[in-house]
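Report on the structure given below.
Chain A is the first sequence line, chain B the second, and so forth, proteins listed ahead of strands; every chain is numbered from 1.
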Amino acid sequence: MTAAPEHTPTMVRRSVSELIVPFTPFCLVIFLICAGYLAIGIPSSWMTLTLSGLAMGMMYFIMSTGLTLVFGLMDVINFGHGAFVSLGAFVGVTVLLQLGAFSESPVLWQNIAAVLLSICAAMAVCAAVGWGFERLIVRPVYGSHLNQILVTMGGLIVAEQLIIVFWGPEEIYFSRPEMLKGSTEILGATVEKFRVLVVSLGLAIFAIMRWVLRRTKIGLIVRAGVEDREMVMALGYRLRLVFVAVFIAGSALAGFGGAVWGMYQEVITAHMGNQALILIFIVVIIGGLGSVEGCFIGALMVGLMQNYVAFLAPKFALLSNIGLMVAILMWRPMGMIPVVKAK
Amino acid sequence: MIRTLLSDDLPRSRALTFLLIAIVLCLALAPFLFPGVRTVDTAARICIFVVLVASYDLLIGYTGIVSFAHTMFFGLGAYGLAFGLIHIDRSYLAMGLGTLAGGLSAAVLALLVGLFSLRVRAIFFAMITLAVASAVAVLFSQLSSITGGEDGLTFKLPRSLGPAFKFGTETLDGRLFGVKLNGKLLAYYLIFFCSAFLFLGLLRVVNSPFGRVLNAIRENEFRAEAIGFPVIYYRVAASCISAIAAAGAGALYAVWLRYVGPDTTLSMEIMLNVLLMVVIGGMGTLYGAIIGAAVFVLAQNYLQTFMESAASLVDGIPILPNFLTADRWLLWLGLLFVLSVYFFPKGVVGRLRRGKTVPH
């Protein structure tokens with residue numbers, strides 16, 4: 001009997017470039033922040049801009065994450081997503097105005113409670129409307145992109161007009177809760193208090209979403225569904241139900257984002273969802289459709305880019321984001337972290 | 001001869017033929033049949049939107065790609081004409097040059113956007129064009145030193161297109177069938193014939209071998225590629241052609257309004273109107289553009305009056321009047337749009353042609 005051949009498998013150490021490549025999208029955010037520093041040159045205003053850029057990025061992330069998951073799961077593109085942003089803003093602000101006693105009192109926890117309560121109301125209403133929207137508008141047009149785009153666009157118009165019917169066509173001005181007005185100094189940079197709250201809310205949402213997607217059974221099903229829908233269905237999961245749940249959750253998150261964005265701007269209009277939709281699209285395209293992490297990075301980059309450019313050359317803020325999108329798509333045609341296999 | 005003019009693409013339905021002949025006759029004789037500022041204005045708008053909708057249908061109906069940047073090209077044509085008339089002089093040559101420049105820049109932009117985003121997936125194209133179009137609209141309203149900003153630009157047309165210009169005063173006493181012969185009439189016919197020319201040109205394009213390939217791409221992209229047609233080039237070419245036609249329509253619109261501004265040419269609302277017209281008329285047939293534009297523009301002008309009177313009927317009931325004020329007509333159009341995509345996906349033309357086999 002001959003001896004088995006000498007066989008000592010060794011792991012080949014991965015080269016530095018191989019180690020870095022998966023993290024390049026994350027590095028891009030840091031790179032952008034550094035580039036911003038070089039371009040602006042004044043540390044205090046750079047700090048302020050970076051923080052507000054991060055705050056805006058968090059809002060974009062909250063608003064767009066639902067859209068990207070919905071697309072990944074069921075190949076459904078929802079142009080009506082912007083309607084939920086507007087609706088969330090209007091419901092949130094209405095509730096905030098009702099909670100006048102809470103938001104005008106000079107106690108911080110009461111103010112934050114008022115903000116959180118109004119966000120919860122916005123999420124609840126948007127979730128309910130999202131369920132109806134899925135039923136009435138999206139369900140009949142599964143499988144046909146052309147009809148989806150047309151019908152959800154129609155849904156967006158109708159929803160926007162309905163908001164005007166119930167809340168009137170004028171812009172609504174209001175002021176934020178007492179203790180969240182104004183700004184504080186952090187490391188010599190002036191930072192609006194509300195932005196700090198927004199950044200922490202955004203991080204919390206990102207952490208929760210990551211936890212749900214990575215650590216729970218439903219998250220596993222969702223991620224598997226995004227990667228290969230037919231396989232998951234073949235294994236016996238009713239992906240349609242999961243999809244409806246994700247659609248509702250995504251609508252609720254859009255409402256969350258809209259409420260926060262409305263409070264951030266202190267003025268709301270029925271068209272704000274339309275404007276948000278454009279940025280949301282840029283974010284999900286940059287990030288790669290179907291990817292929550294990509295969406296997060298894309299949102300931060302868009303927020304930062306917008307703030308830096310708005311400071312340096314105010315007229316080119318939106319154009320710079322288009323430039324960013326073009327650059328990213330030249331580099332990675334499917335977005336930074338493509339999850340959905342090319343269909 | 002008519003067959004040649006229509007590129008052998010006849011309406012193929014008796015009702016549709018009558019409807020089309022009626023609309024075209026009304027448009028051709030509008031200043032004489034319905035003399036009035038508002039009606040002639042409506043007719044001119046219909047002519048212009050027929051071209052715009054037809055050029056959009058080349059994309060959405062024939063090639064199966066959804067673009068939201070069509071108003072951008074429309075606006076480029078309009079601004080091109082305005083720049084020509086403002087910066088050169090008020091002559092026909094300047095009009096032509098400006099329109100040419102607008103058309104060329106629209107084609108180049110369509111080429112860039114197309115080459116860059118049609119490569120990936122059709123769904124990206126819709127999202128990217130939406131972003132690009134809104135960025136361009138914002139840019140045009142902010143570069144106020146060049147484009148006049150939100151206020152837009154007013155300009156003077158060549159003298160013979162203005163209402164002050166009279167002709168035929170000796171031979172016809174300045175009137176024909178009771179209609180004053182002035183520059184406004186000339187402007188209307190300039191628009192009518194240019195629109196007809198552009199429309200017939202588009203009809204020629206979609207009925208050429210090139211148009212057949214576009215249809216093949218719409219039906220099955222993979223198969224078209226496998227047969228040996230480079231899909232991306234055909235798509236980009238289609239989007240360039242439709243951009244040029246849209247720029248032409250934009251220039252005509254600027255001629256009629258004697259004004260360009262972001263609201264009238266670049267806004268998202270125009271884009272939605274075009275979408276509605278395409279869907280109402282019927283996708284995938286250029287005759288749908290004529291029907292869709294006519295129905296929509298008439299509705300836009302007269303539905304609002306109707307809604308106003310309906311709102312006064314329900315006065316006093318809470319909320320209900322809010323649904324019916326004339327400002328909310330977009331709500332009803334949106335509903336109409338959604339319902340027609342569901343129940344009426346082939347539009348008026350598809351309904352009229354029902355049961356007829358396609359000869360090709």
Where on [X] is there a heavy atom nearer than 4.5 Å to chain B: the side chain, the backbone, both, or neither?
X      : value
A/L156 : neither
A/L136 : backbone
A/V284 : side chain
A/L150 : both
A/L279 : neither

Does the ring centre of B/Y79 sit less than 6.0 Å away from the ring centre of B/F140?
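Yes - the distance between ring centres of B/F140 and B/Y79 falls below the 6.0 Å cut-off.
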Check: A/F166 ring centroid to A/F90 ring centroid under 6.0 Å:
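Not close enough - the centres of the two rings lie 6.0 Å or further apart.
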Polar side chain donor-acceptor pair, B/E225 to B/Y234, under 3.5 angstrom:
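No - no donor-acceptor pair under 3.5 Å links their side chains.
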Side-chain H-bond candidate by donor/acceptor type, A/W167 with A/T94, under 3.5 Å:
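Yes - a donor-acceptor pair under 3.5 Å links their side chains.
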Greatest number of heavy atom pairs closer than 4.5 Å to chain A - which of [options]:
options                        : answer
B/L130, B/V138, B/L331         : B/L331
B/L272, B/L339, B/L336, B/V279 : B/L272
B/A133, B/G334, B/A131         : B/A131
B/I128, B/L143, B/L275, B/V136 : B/I128

Going from CD on A/E160 to CG on A/L87, what distance comes out if it is rounded to the nearest 0.5 angstrom?
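A/E160 atom CD to A/L87 atom CG measures 12.0 Å (nearest 0.5 Å).
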How long is the gap from CD1 on A/I286 to CG on A/L324, to the nearest 0.5 Å?
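So the CD1 of A/I286 and the CG of A/L324 are separated by 4.0 Å.
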Go through the atoms of [X] and report whether side chain, backbone, both or neither lie under 4.5 Å from a heavy atom of chain A.
X      : result
B/V132 : both
B/L139 : side chain
B/L276 : neither

Side chain A/S86, main chain A/A270, donor-acceptor under 3.5 Å:
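Checking the backbone N and O of A/A270 against the side chain of A/S86, a donor-acceptor pair under 3.5 Å is found.
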In terms of heavy-atom pairs under 4.5 Å with chain B, which of A/N321, A/I282, A/I285, A/N274 leads?
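Maximum pair count with chain B is reached by A/I285.
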Look at the rings of A/F296 and A/F61 and say which category their plane angle falls in: under 30° parallel, 30 to 60° tilted, over 60° perpendicular.
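Ring orientation, 0 to 90° scale: perpendicular.
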Mutual orientation of the aromatic rings belonging to A/F79 and B/F68 [parallel < 30°, tilted 30-60°, perpendicular > 60°]:
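A/F79 vs B/F68 ring planes: tilted.
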